[in-house]
There are 2 protein chains.
Amino acid sequence: MSVAAIPSAKTPAPRDAQRIYSIAELSREFAITPRTIRFYEDEGLIKPRRHGTTRLYTAGDRTRLGWILRGKRLGFSLAEIRELLDLYQVDRTGLQQLRELQRRCQLHIADLERKRADLDQHIGEFRDVEAQVSAELKQRGVDPEST
Amino acid sequence: MSVAAIPSAKTPAPRDAQRIYSIAELSREFAITPRTIRFYEDEGLIKPRRHGTTRLYTAGDRTRLGWILRGKRLGFSLAEIRELLDLYQVDRTGLQQLRELQRRCQLHIADLERKRADLDQHIGEFRDVEAQVSAELKQRGVDPEST
DNA sequence: TTTGACGTTTACGTAAACGTCAACTAAATC
DNA sequence: GATTTAGTTGACGTTTACGTAAACGTCAAA
């Protein structure tokens, strides 16, 4: 690894748009293993540049990776995430393509809103439990070390 | 299957709290296979009564099943869901137990709120895309058959 | 009485999403 | 120049969440 663009461990590295990231750097930042990042590449979710065999990640790749992980947290499969990512870069010149894109966006948004309804209800239930417990604790004598 | 409580396919079955459900009934209602329901039982997520070997599900079991599936939609693993379900029925007599329950509720709620922030951002992005596409379509001449 | 719908257990299979070596290369440092 | 450090590619293992098939019991209707 002696590419000029790749910062050594010593140069703290600027966080600008020109930055190039190593796989180890991104894996540290996002708390995943390099294996995971390579796996995402195998699955077609990211396509980093190469210097020889070594992978070079741009700021865009980094953003994309964050996006992927957020999708995962929301419960989407990698296949679904790949499809969603594709929505950002499909060809928007044709009328048919635009309509199809619009349709898929609307479907996805509807799905997300259902998910949010689920989430809100779920949160509500746990807030209730917490409130009950808090009340019970207060009744038994408020505890000092509860922050 | 000749248990008095289990309705035959012909009796439409009342939807009250006394109802007892067969595995097939629940699997139809929730659009999952009986195999899935048995699997959840193996994993300790539901514990239906038995008549001989046949499983009998109460209204409570049915609610619980719905809860499990919602948890899945939100991206939780079965192991996590089991833990969350346990929060509803842990022993709340002891002070320590109450404090622990409170702590775990708070942690979970914080987790859920992070998830909701993720979700909101995600929804926002797709709304943006949809808005752009809509604008582009409008500019090209509003299409009649778009609802 | 047989068919068929529904139930059971046991056991093996599978897809997704990685983890874990092993064996190798290439640059950096001692 | 030997070693350390960071990267690479297979290849196989693992966990999760079920699917699938076999082999069987049970009842109700035809």
Side-chain angles (χ1 to χ4, degrees), chain A residues 1-11 13 20-57 61 65 68-85, chain B residues 1-11 13 20-57 61 65 68-85:
Chain A
M1 218 197 23
S2 68
V3 189
I6 296 183
S8 83
K10 274 146 194 170
T11 60
I20 285 185
Y21 303 84
S22 72
I23 196 167
E25 217 169 346
L26 289 184
S27 71
R28 272 194 304 272
E29 179 174 355
F30 290 105
I32 55 182
T33 67
R35 175 71 182 86
T36 298
I37 300 181
R38 294 192 195 103
F39 180 72
Y40 291 164
E41 183 178 347
D42 288 345
E43 296 294 304
L45 299 182
I46 356 175
K47 294 164 183 68
R49 291 159 44 207
R50 296 266 183 150
H51 173 254
T53 62
T54 301
R55 293 166 173 83
L56 305 177
Y57 298 88
D61 291 327
L65 187 53
I68 294 168
L69 296 175
R70 196 183 65 196
K72 284 213 60 192
R73 287 197 299 275
L74 293 177
F76 295 104
S77 72
L78 294 186
E80 289 170 318
I81 292 171
R82 182 178 38 216
E83 280 196 35
L84 294 175
L85 282 169
Chain B
M1 218 196 24
S2 68
V3 189
I6 295 184
S8 83
K10 275 146 192 170
T11 60
I20 285 185
Y21 303 83
S22 72
I23 196 168
E25 216 170 347
L26 289 185
S27 71
R28 272 193 304 272
E29 179 174 356
F30 291 106
I32 56 181
T33 67
R35 175 69 180 91
T36 299
I37 299 181
R38 293 192 196 102
F39 180 73
Y40 291 164
E41 182 177 347
D42 287 345
E43 296 295 303
L45 299 183
I46 356 176
K47 295 164 183 66
R49 292 159 43 208
R50 297 266 183 149
H51 173 253
T53 62
T54 302
R55 293 165 173 85
L56 306 177
Y57 298 87
D61 290 328
L65 187 52
I68 293 168
L69 297 175
R70 195 183 65 199
K72 284 212 60 191
R73 288 197 298 274
L74 293 176
F76 294 105
S77 72
L78 294 186
E80 288 170 320
I81 291 172
R82 181 177 42 214
E83 280 197 35
L84 295 175
L85 282 169

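Here the structure is a predicted model, which is why all the values come from computation and not from measurement. Side chains included, hydrogens not; waters and symmetry mates left out as well; all remaining heavy atoms used. Proteins get letters first, then strands, A, B, ... in listed order; numbering begins at 1 in each.
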Interatomic distance, Glu41(A) CD vs dG7(D) P [rounded to whole Å]: 14 Å
Ser27(A): partners by side-chain hydrogen bond (donor to acceptor under 3.5 Å, both in side chains), with sequence neighbours left out: none
Below 4.0 Å: OP1/OP2 of dG7(C) and any side-chain N or O of Arg55(B): no
Nucleotide dA6(D), atom P - distance to CG of Leu56(A) in whole Å: 16 Å
Those residues that, when tested against Phe30(A), pass side-chain contact (heavy atoms from CB on, under 4.5 Å) (two or more places apart): Leu26(A), Ile32(A), Arg62(A), Leu65(A), Leu69(A)
Pair listing, salt bridge (Lys or Arg N to Asp or Glu O under 4.0 Å) test, anchored in residues 71-81 of chain B, at least two apart: Asp118(A)-Arg73(B)
Pairs satisfying salt bridge (Lys or Arg N to Asp or Glu O under 4.0 Å), at least one member in residues 43-54 of chain A, at least two apart: Glu41(A)-Arg50(A)
Between C1' of dA16(C) and CD of Glu83(A), the distance in whole Å: 15 Å
Atom-to-atom span, CD1 of Ile68(B) to P of dA17(D) - whole angstrom: 12 Å
Rounded distance in Å - CD (Glu25(B)) to C1' (dG7(C)): 14 Å
Spacing between Leu26(A) atom CG and dA6(D) atom P, to the nearest angstrom: 15 Å
Nucleic acid footprint by protein, nucleotides 17-23 of chain C - heavy-atom cut-off 4.0 Å, B for base, S for sugar-phosphate alone: BBBB---
Spacing between Arg38(B) atom CZ and dG19(D) atom P, to the nearest angstrom: 11 Å
Listed partners of Arg70(A) passing side-chain hydrogen bond (donor to acceptor under 3.5 Å, both in side chains), at least two apart: His122(B), Glu125(B)
Distance below 4.0 Å between Thr54(A) side-chain N/O and dA26(C) OP1 or OP2: no
side-chain contact (heavy atoms from CB on, under 4.5 Å) between Tyr57(B) and Ile20(B), intermediate numbers included: CA-CA 5 Å; Tyr57(B) 298 87; Ile20(B) 285 185; 5.9 Å; no
Protein-nucleotide distance (His51(B), atom NE2; dC27(D), atom C1'), rounded to Å: 12 Å
